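Before any comments, here is the structure.
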Amino acid sequence: MRRRGWVAAATVAVVALAPLAPASAGGAHPAADSSVTSLCLPAAPAATPSPAIGLRFGVDPGLAGNPLPSLKGPVSVNHRAELKALHALQPHHRALVIRLNRLFWSGGNNLLNTFVHEAKSYARRGFDVEVQVRYHPTKTEDGDLAAWSSWVHHVVNVLGQVRRLVALTITNEVNLAISPNTSDGSYTSAQGALVHGVEAAYSALRKHGWAHRVKVGFTFAYRLDPLADSGLFSFLAKHGGARFLHALGFVGLDDYPGSVYPPTLVPPIDTAADELASALATMRDCYLPLAGIGPKTPLWVTENGYASNGSVSNTSGDATQVAALRGMVDTVETYSGTYDVTDYRWFNLRDNNSNGSGLFDKDGLLRDHDQRKPSFTAYRDLIKRDGQAIP
């Protein structure tokens with residue numbers, strides 16, 4: 001694997017910052033907690049990786065939430081074609097987790113019932129299911145953490161009955177405060193909602209005897225705002241505590257090299273695989289210790305993608321997407337034992353709009369009318385090669 005000109009020879013470089021203004025206990029802005037005293041710089045991955053441990057793969061169906069949407073708008077989903085593609089994507093005797101996104105608290109029971117229906121449908125067809133339980137409150141609920149905890153209990157009571165439910169991500173990217181549609185960071189007390197929600201979910205799972213089957217975690221958007229990133233993990237160190245750490249089953253890394261951080265790549269000096277390797281190292285060696293999250297808590301790649309940059313009539317970007325996908329999955333597999341990475345999800349199954357200009361319009365394995373890109377076959381081959389076996 002190529003190495004960039006790393007900023008320091010040490011595995012992690014830490015830069016002292018001036019104290020920031022104190023915040024309320026909930027943390028209305030992710031970077032506003034007075035406990036923020038350091039900034040994690042991108043780290044070099046281990047020179048000699050430990051033996052790989054294998055991965056459980058997954059993918060996100062449906063439309064991708066888009067912080068920078070296209071003026072064209074997404075093409076409607078053909079659910080029959082989507083299901084056919086999912087069956088084709090899963091090799092024989094390999095696990096494939098279907099990740100259902102954006103179960104908003106503000107959607108109430110109507111939206112929850114829709115998710116239950118979808119989860120049961122995928123489970124009947126032999127897929128494991130993971131659900132992203134978003135904070136995303138209404139205006140009247142915003143900041144009411146007691147009501148939020150009660151809602152999370154209710155969600156677990158209902159969704160946990162789906163026997164192939166394997167994970168719940170509680171809140172989404174609370175360190176990101178620029179996109180309420182896709183992330184929770186702009187809502188009041190979002191950091192507190194993460195802590196309270198993880199604890200509430202685990203409590204409900206234990207009550208029903210489901211905690212061994214359903215893991216609870218949270219997701220983190222890598223490196224759009226390093227101050228907000230450190231602010232989140234410093235908040236967790238101060239407000240998480242033993243109960244939170246015991247409840248935490250994984251930490252999810254959302255990483256998009258070439259579109260979010262860094263916004264562009266210059267191969268062969270810098271590749272998507274290089275950047276993801278650095279993100280894994282930075283997470284395990286700096287961010288997680290900053291929160292007191294130890295090596296026994298698995299690290300998941302909960303979102304990872306790369307655009308094909310080719311329209312329906314121009315497929316010149318397909319090979320670039322395949323190279324990035326293969327490189328990033330190879331990287332996660334290589335460092336899975338070193339950083340205890342157990343799960344990997346590709347975002348997304350299908351393009352929102354294959355001729356669109358939105359940030360995540362073209363990250364799919366399928367074009368917007370369900371034609372398979374070369375990346376579809378590449379991902380299936382990687383699942384077959386490295387994926388967790390189904391007994």
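Everything numeric in this text was worked out from a predicted model, so none of it was measured. Below, each value reflects all heavy atoms present in this structure, side chains not excepted, and no hydrogens, waters or symmetry copies. Each residue takes its place number in the sequence, starting with 1.
- The closest donor-acceptor contact from the side chain of N109 to the backbone of L112 lies at 3.5 Å or more, if one exists at all.
- For the pair Y122 (side chain) and L83 (backbone), a donor-acceptor distance under 3.5 Å is absent.
- Counting only distance, with no hydrogens or angles, the side chain of T338 and the backbone of P49 share no donor-acceptor pair below 3.5 Å.
- Nearest heavy-atom pair, A190 versus G185, reported as atom, atom and distance to 0.1 Å: CB-CA, 4.2 Å.
- The shortest side-chain heavy-atom distance between L168 and Y202 does not fall under the 4.5 Å cut-off.
- A salt bridge (Lys or Arg N to Asp or Glu O under 4.0 Å) with D351 is found for exactly one of R372, K373, K72, namely K373.
- Following chains of ILVMFWY side-chain contacts shorter than 4.5 Å, one can reach F376 starting from Y344, so the two form part of one hydrophobic cluster.
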### Message
Show, in sequence, the C-alpha distance, side-chain angles and deciding distance for W151 and E141, and conclude whether the side-chain contact (heavy atoms from CB on, under 4.5 Å) test is met.
### Response
CA-CA 11 Å; W151 169 252; E141 294 166 334; over 6 Å; no
### Task
Determine, step by step, whether Y306 and D363 satisfy the side chain to side chain donor-acceptor pair (under 3.5 Å) criterion, reporting the C-alpha distance in whole Å, the side-chain angles of both residues, the deciding distance to 0.1 Å, and the verdict.
CA-CA 5 Å; Y306 198 92; D363 285 32; over 6 Å; no
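- Looking at Q90, its side chain never comes within 3.5 Å of a backbone N or O of H87 through a donor-acceptor pair.
- Shortest non-hydrogen contact noted between P262 and D270 is CG-OD2, 4.1 Å.
- Side-chain contact between P45 and Y335: present, with at least one pair of heavy atoms (C-beta onward) separated by less than 4.5 Å.
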### Query
Between R350 and N78, does a side chain to side chain donor-acceptor pair (under 3.5 Å) hold up when you go through it step by step?
CA-CA 10 Å; R350 200 209 71 173; N78 180 330; over 6 Å; no
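- Between Y379 and F57, the two ring planes are perpendicular [angle over 60°; tilted spans 30° to 60°].
- Annotation: side chain of L86 is in contact with side chain of L349 (closest heavy-atom distance under 4.5 Å).
- Just one residue in the list D60, D128, D343 forms a salt bridge (Lys or Arg N to Asp or Glu O under 4.0 Å) with R99, and that residue is D60.
- Panel note: side chain Q321, backbone G364; a donor-acceptor pair is recorded below 3.5 Å.
- In this pair, Y261 and Y222 present their aromatic rings perpendicular. The plane angle is above 60°, beyond the 30 to 60° band.
- In this structure, Y287 and I293 have side chains that are not in contact, with every pair of non-hydrogen atoms separated by 4.5 Å or more.
- Checked by atom type and distance alone, the side chain of N175 pairs as donor or acceptor with a backbone atom of A221 at under 3.5 Å.
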### Query
Do D254 and R223 pass the salt bridge (Lys or Arg N to Asp or Glu O under 4.0 Å) test, and can you show the C-alpha distance, the side-chain angles, and the key distance before you say yes or no?
CA-CA 10 Å; D254 293 353; R223 212 156 195 84; over 6 Å; no
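- When the side chain to side chain contact (heavy atoms under 4.5 Å, CB included) test is applied to P180, the partners found at least two apart in sequence or on another chain are S186, Y187.
- Remark: the backbone N or O of A88 is paired with a side-chain donor or acceptor of R380 at under 3.5 angstrom.
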### Query
When you look at V77 and L63, which way does the side-chain contact (heavy atoms from CB on, under 4.5 Å) test go after all the steps?
CA-CA 7 Å; V77 173; L63 296 176; 3.8 Å; yes
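- Residues L89 and L55 share a hydrophobic cluster, clusters being chains of Ile/Leu/Val/Met/Phe/Trp/Tyr side chains in contact below 4.5 Å.
- In this structure, R345 is positioned above the aromatic face of W300, its NZ or CZ under 6.0 Å from the six-membered ring centre and within 45° of the axis.
- Judged purely by atom type and a 3.5 angstrom limit, D184 has no side-chain atom pairing as donor or acceptor with the backbone of E173.
- The hydrophobic cluster containing W210 does not contain V166, counting ILVMFWY residues as joined when their side-chain heavy atoms lie under 4.5 angstrom apart, directly or transitively.
- In terms of modelled atom types and a separation under 3.5 Å, the side chain of Q161 and the main chain of N157 share a donor-acceptor contact.
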### Query
Which is it for C40 and D229 under the side-chain contact (heavy atoms from CB on, under 4.5 Å) test, yes or no, and what are the steps along the way?
CA-CA 9 Å; C40 294; D229 298 349; over 6 Å; no
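- Using a 4.5 Å heavy-atom cutoff, the side chains of F218 and L194 are in contact.
- R367 has its side chain out of reach of V75: every pair of non-hydrogen atoms, C-beta onward, lies at least 4.5 Å apart.
- When the side chains of ILVMFWY residues are joined at heavy-atom separations under 4.5 Å, either directly or via intervening members, L165 and L96 end up in a single hydrophobic cluster.
- Listed for the T271 side chain is no donor-acceptor partner under 3.5 Å among the backbone atoms of P267.
- No more than 12 heavy-atom neighbours from other residues, nucleotides or ligands sit within 6.0 angstrom of CZ on R163.
- Side-chain contact between R284 and D340 is present, with at least one heavy-atom pair separated by less than 4.5 Å.
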### Task
For T331 and T334, run side chain to side chain donor-acceptor pair (under 3.5 Å): C-alpha distance rounded to whole Å, both residues' side-chain angles, the deciding distance at 0.1 Å, then the answer.
CA-CA 5 Å; T331 287; T334 296; 6.0 Å; no
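- Using modelled atom types, one finds no donor on one side chain facing an acceptor on the other under 3.5 Å when comparing N352 with D368.
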### Task
I would like to know whether F250 and T342 meet side-chain contact (heavy atoms from CB on, under 4.5 Å); could you show each step before the answer?
CA-CA 9 Å; F250 65 93; T342 62; over 6 Å; no
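- Follow the hydrophobic side-chain contacts under 4.5 Å out from W148 and you reach F115 in the same cluster.
- Using a 30° and 60° split on the angle between ring planes, F347 and F360 fall in the perpendicular class, above 60°.
- Tested against Q132 for a side chain to side chain donor-acceptor pair (under 3.5 Å), the candidates T169, N172, T302 yield a single pass: N172.
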### Task
Assess whether side chain to side chain donor-acceptor pair (under 3.5 Å) is satisfied between E275 and S278, documenting all intermediate values.
CA-CA 5 Å; E275 293 294 346; S278 175; 5.1 Å; no
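- Residues V158 and H154 form a side-chain contact, since some pair of their non-hydrogen atoms from C-beta on lies under 4.5 Å apart.
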